[in-house]
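Heads up: the structure comes next, in structure tokens.
Just follow the structure's listing: the first ligand is 1, and inside any ligand the first atom is 1. Heavy-atom basis, side chains included; hydrogens, waters and symmetry copies ignored. Here the structure is a predicted model, which is why all the values come from computation and not from measurement.
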Amino acid sequence: MKIRKIAILTSGGDAPGMNTVIWAIVNCSQKKGIETYVVYDGYKGLAEGNIQKITSADVDTWVKKGGTKIYSTRYPEFKDEAVRKIAKEQLDKHNIDALVVIGGDGTFIGAKLLSELGVKTVGIPGTIDNDIPTTDLTIGYITAIETVTDALEKIRDTLESHNRAAIIEVMGRYSGALALSAAIVTGAEGLSIPERKLTEEEIIETIKQARNNGHRSIIVVVTEKLYDVKALANKIQELTGIETRGNILGHLQRGGSPAPSERILAVRMGVFAVKQLIEGKTGITINSVNSKMVAIPIEETVTSERTNLVELLEQYDLVK
Ligand code: F6P
């Protein structure tokens, strides 16, 4: 069946580069004579029929914009089949032939369930967490590394001025990918991630050792959800006498304009998605594997094993 109308939605946590993908899909589709629609507010907007036609003129500056211009929600109600059936009816009402969803694993599960109802879906990985196992890179991750690096280096300036240590919490949900990359590129003295969680005693030992080695500023990067970083910092200070602060980077990690290399990835993924749809391929995710664009069944993407970060960490063998 010829694809005439494609709809796009973003879901879950926003990520730099989401707008770039939309920009690419809209422009590429227009060149191929395909109409494009956006669904505002993710799956919630889909169920509510918040769908609008969009052209390249509407997205002219989106290539560089942070966040998601078509908004996003977390919408657990989508687990309900009755809600998904309503969502399908909304697409049918607009005669939409295929739906491209941009987001993380929760978004992909939604797409998989929709495709089981007969909706032609394509998933594009967009999350700062880089936790989609079938792709080397998710859109948003490269920019988030830059953002976190910048924040860590600024904090390091202050740590050095004041002869302090800091426990710095980085996002990532259940993946240590972002924390690991940021720790490597900033030369952090310590790292604790879900895949290799340090005990509080090990963190204290790491800080003491760094101080014994003459480090004035000491950074221990930790993934969110592992510790109460403020309480841990207080405990370290009490036990070691080393002045220590707990910092939570929070949502500053998700915003901002996508880095140039992020935009390149986003454009490649968006254009590849449109081409796959034209070739009649659906029920897939778009992945970057060894720098090549690869389509993989959604089912496989959502059931694959996570990348072994401990192995990766051992390759660096620098941070404790
Ligand atoms: O998935 C992106 C992410 O930023 C995670 O790193 C984090 O755990 C989560 O989203 C936070 O979600 P929210 O913005 O809904 O609090």
Shortest non-hydrogen separation from Ile6 to Ile96 and the atoms involved: C-CG2, 4.4 Å
Near ligand 1, at a heavy-atom separation below 4.0 Å: residues by chain and residue number: Arg74, Thr127, Asp129, Met171, Gly172, Arg173, Glu224, His251, Arg254
Thr127 vs Thr138, side chain to side chain donor-acceptor pair (under 3.5 Å): CA-CA, chis, key distance, verdict: CA-CA 6 Å; Thr127 163; Thr138 57; 5.2 Å; no
Ring-face cation contact, Tyr43 with Lys79, 6.0 Å cut, 45° max: no
Verify same cluster id: Ile286, Val294 (apolar side-chain graph, 4.5 Å): no
Contact list for residues 168-189, test salt bridge (Lys or Arg N to Asp or Glu O under 4.0 Å), sequence neighbours left out: Asp105-Arg173, Asp129-Arg173, Asp131-Arg173, Arg156-Glu189
Cluster link Leu265 to Val122, ILVMFWY, side chain under 4.5 Å: yes
